[in-house]
Amino acid sequence: MGTEREANEKASGEGDASQLEAASIADVSVEVATVDHTLQKICRKYRKTRRKPKGLKRLQARLLSIPHLAVIITAVVFVVLIIMWSLLWVFLFRRESNSGVYFAGMFRVANVEFIPEYRQAESREFVSLAGKIQHVVSNVFKVSSVARLYKQAIISDLSNNDKGGVLVHFWMAFVVPQLRSKSVCEECVEAIFRDSVHISMMNRSSVGYLLGLPVDMDSILINAVERSDYSSSGAGSQCVGKLYANLPGLSVPLNVFSSWGDVSCHVKLTSAPGSLIRLTVTSFLIEPSDCVSDGLTAYDALLPMRGRILHRMCEPVSRSFSLVSTSNVMLLSFRMTNGNKSFRGHFEAIAEEMSQIETHVEPDIIGQIYSPFHPSLLPPQCFSTWKFETPSSALGVALQFQNYVLKPKEVNGCEHGWWKVNEIIFCGSYVGHHTVFRISDHSPEVEFRCSSRISAQPFQATYSSYNISQPCPENHFLCSTGLCVEKSRRCDGLDDCQDESDEVFCSRPTKNCGGNSPLHPLFVCNGESDCPNGIDETNCTQETTCSAIRYQCSSGSCILKKNAKCDGVLDCQDHSDEADCACGRPSSVKKTGSPPGRERIVGGDNSVEGEWPWQVSLHFSGQLYCGASVLSSDWLVSAAHCFSKERLSDPRYWSAHLGMLTQGSAKHVAEIQRIVVHEYYDEYTFDYDIALLQLKKPWPPSLSPLVQPVCLPPSSHAVTDSHRCVVTGWGYRSEDDKVLPSVLQKAEVSIVSQTDCKKSLGPVSSRMLCAGVASGERDACRGDSGGPLSCQAPGRGRWFLIGIVSWGSGCGRPNLPGVFTRVNKFTSWIYSHIS
Ligand code: 4AZ
């Protein structure tokens with residue numbers, strides 16, 4: 001913290017750009033008066049009095065007379081009070097009520113020719129131009145509504161630009177009393193700046209005049225930043241580097257190590273105007289911490305602006321990948337704590353891609369199309385068109401994507417790619433399976449534009465021609481995903497279409513016990529005797545070909561038995577089905593809590609201690625926000641939608657309360673190290689609504705059995721009528737409830753068929769599962785999200801995590817079951833992160 005003089009010096013030194021470069025706005029003082037000043041005056045007075053030896057005795061005598069004494073005491077008390085009040089005001093109120101507010105911004109100054117000297121902040125040329133620009137920016141704010149709060153602007157970079165002129169990056173600081181903190185909001189500051197640019201309607205360009213400076217309106221961006229952003233990337237930073245890639249094809253190496261201490265580095269990359277920057281990351285060894293302690297953020301600018309984040313790397317990277325900027329600048333902001341952390345990579349200048357590809361699609365010949373800059377990540381801006389031509393008007397074009405789907409545009413904008421196919425708009429999104437998009441035209445034009453806020457996964461598609469009048473081969477069924485599957489696979493209990501479109505509106509399969517046709521796969525080895533002769537449950541451990549409904553042993557071989565995991569029988573030859581089975585066993589012995597008639601949750605009962613030892617209460621900023629389930633000593637699973645907004649994705653705000661029955665009585669409260677949200681989570685449809693949370697420290701084994709993992713169902717797992725399914729949580733007990741229950745609630749529900757659920761709720765994906773009761777009297781509700789739908793294997797077997805509370809249409813409404821994330825669709829995804 002500085003003093004008044006320091007602050008004034010900084011503010012008045014604005015004319016000298018180089019001096020300002022070295023100054024730190026982070027140190028802007030908020031003190032205005034000092035106590036020293038008052039004390040000095042008092043001391044001076046005291047010294048003056050001492051310098052008067054003559055008449056001192058007389059003075060003493062006079063002072064000691066009673067009336068004088070009273071006056072003096074009153075005066076002293078008065079002065080002491082004033083001093084104390086000043087001290088209090090200066091040190092408590094003044095300091096606390098003022099705070100620094102910081103911004104980073106950029107704009108393009110047109111009509112100024114860039115010269116290489118502008119790259120050096122120490123050069124005369126930089127100081128001169130930066131000084132002028134700084135003067136203009138300051139003058140804009142000094143006559144604005146926030147003039148009294150404005151402290152200073154610092155020009156940090158002048159770079160060359162594709163559109164000509166000079167791209168200016170700058171910092172701004174305001175000192176704001178807390179009561180007026182809203183008056184310097186990001187939008188307000190940007191609006192003041194924009195409103196000061198006068199655009200002439202005559203010349204139709206976006207360049208206007210800012211106090212005589214030609215500024216491109218479209219290039220203006222101002223973002224609020226943290227004080228730490230400024231102090232770590234400003235002049236006082238431990239390391240700010242500037243690197244240039246001037247020649248196309250020349251790769252500039254980038255290596256950063258933290259073996260000699262904590263690293264907080266900013267590397268500014270610039271390439272020739274008109275080019276883009278491709279950053280290749282070959283390896284990044286860090287501690288995964290959601291970027292809290294270690295991480296790398298790549299910005300599409302030269303200052304750390306939130307609106308310009310290209311990509312964040314919070315996990316270690318061992319497989320090389322690359323990303324591309326939208327202009328000729330990029331900022332890399334490294335954060336690596338002490339240890340054996342390192343970054344290896346390189347960057348280069350590349351040409352902008354505006355590809356227009358014309359393709360002749362020959363029958364029976366397939367080809368590939370790739371996203372722009374493939375295999376690099378997609379930048380926030382890109383454009384590509386493909387023009388296809390088949391030899392006959394009877395042949396259309398089919399595009400088969402690996403993990404991407406095109407859907408007609410809805411009210412929400414396109415967030416993962418904007419497509420125009422023969423003038424019709426589609427939006428792309430990422431999914432976990434193949435899809436085929438068919439265009440029933442023999443010469444379609446397909447236009448693609450990047451539309452993600454940050455870099456997105458690249459895609460590729462196989463193109464081929466298809467018969468418009470008969471898209472699928474003979475005896476094949478056309479799925480909603482565009483895939484063609486054999487007709488015999490329809491209603492066979494297997495999701496061949498990848499979206500269950502081959503498994504809906506099927507009549508209930510008949511139990512063909514001992515008939516000529518094979519028994520429906522749903523009945524085969526599902527753990528339930530469906531045939532009177534027991535034929536459906538024989539030879540279940542024989543090895544067979546693998547599929548999604550067959551249990552796979554660790555050796556890789558598959559058996560017919562669907563629910564082989566942890567059922568107490570050794571089914572796999574390698575016995576892997578009974579390994580890692582310390583899960584899904586309640587530790588309670590007592591009978592259930594609520595007396596009859598006192599029902600809770602939506603129609604639930606109080607649980608008893610140890611009944612759901614995997615149940616977790618997740619608190620955001622100290623308040624119950626969601627539920628979760630224990631998977632292991634350091635991993636929990638919950639719903640992605642609990643973490644989907646900016647602050648909600650920060651693990652530091654969360655705590656996990658374990659082994660808890662009544663709110664506030666947790667056996668253990670754990671901090672969260674990182675949150676892994678599923679990469680395909682869709683915040684509009686709630687598809688892929690799953691997230692994993694890693695604890696900072698494993699919970700102590702002594703907490704067992706009151707804290708225990710739930711069993712994870714293998715992907716083959718089948719829930720039958722003999723399973724008992726219970727949803728638990730501390731969520732609301734009715735749709736318009738205002739008070740959360742303090743005791744953990746439980747409600748028994750039944751699994752609802754996918755067909756019935758789609759009929760009542762509409763867009764229910766194959767990653768979702770519905771459960772409830774027809775009357776609606778038992779259901780999950782707000783606050784239960786992320787918590788478990790646990791199902792117990794028949795014969796008082798183990799409890800498996802079958803669902804995660806996800807969404808619903810209100811709570812407890814008749815014929816509107818709750819929707820859960822279908823956990824067995826994510827078994828391998830979960831293991832890929834936690835093991
Ligand atoms: C919610 O908002 C929520 N009735 C969770 C579950 C259900 C509805 C809403 C199901 O978290």
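Counting convention: from 1, in listed order, for ligands and their atoms alike.
Sparse packing is recorded around CG of Asp580, with 12 or fewer heavy atoms of other residues, nucleotides or ligands lying under 6.0 Å away.
For the ligand labelled ligand 1, residue Gly810 lies inside the 4.0 Å heavy-atom shell.
Looking at Cys642, Cys626, Ala780 and measuring to atom 10 (C) of ligand 1, the nearest heavy atom belongs to Ala780.
With a heavy-atom cut-off of 4.0 Å, Val805 touches ligand 1 through its side chain alone.
Within ligand 1, counting atoms from 1 as listed, the ones closer than 4.0 Å to a heavy atom of Asp779 are 4 (N), 10 (C). Heavy-atom contacts of Cys811 reach the following atoms of ligand 1: 4 (N) (cutoff under 4.0 Å). Numbered from 1 in the order shown, with element, the atoms of ligand 1 that lie under 4.0 Å from a heavy atom of Ser785 read 1 (C), 5 (C), 11 (O). Contact atoms of ligand 1 toward Arg782: 1 (C), 2 (O), 3 (C), 11 (O) (distance under 4.0 Å to a heavy atom of the residue). Of all the atoms in ligand 1, the ones that sit under 4.0 Å from a non-hydrogen atom of Cys781 are 3 (C), 5 (C).
The closest side-chain heavy-atom distance from Gln457 to Glu679 is not below 4.5 Å.
For Trp419 and Phe437, the ring centers sit 6.0 Å or farther from each other.
Taking the six-membered ring where tryptophan is involved, the planes of Phe620 and Tyr653 are tilted, since the angle between them lies from 30° to 60°. Between His723 and His717, the ring planes are perpendicular. Angles over 60° get that label, and only those under 30° would be called parallel.
Taking a cutoff of 4.0 Å between a charged side-chain nitrogen and a carboxylate oxygen, Asp577 and Lys561 do not qualify as a salt bridge.
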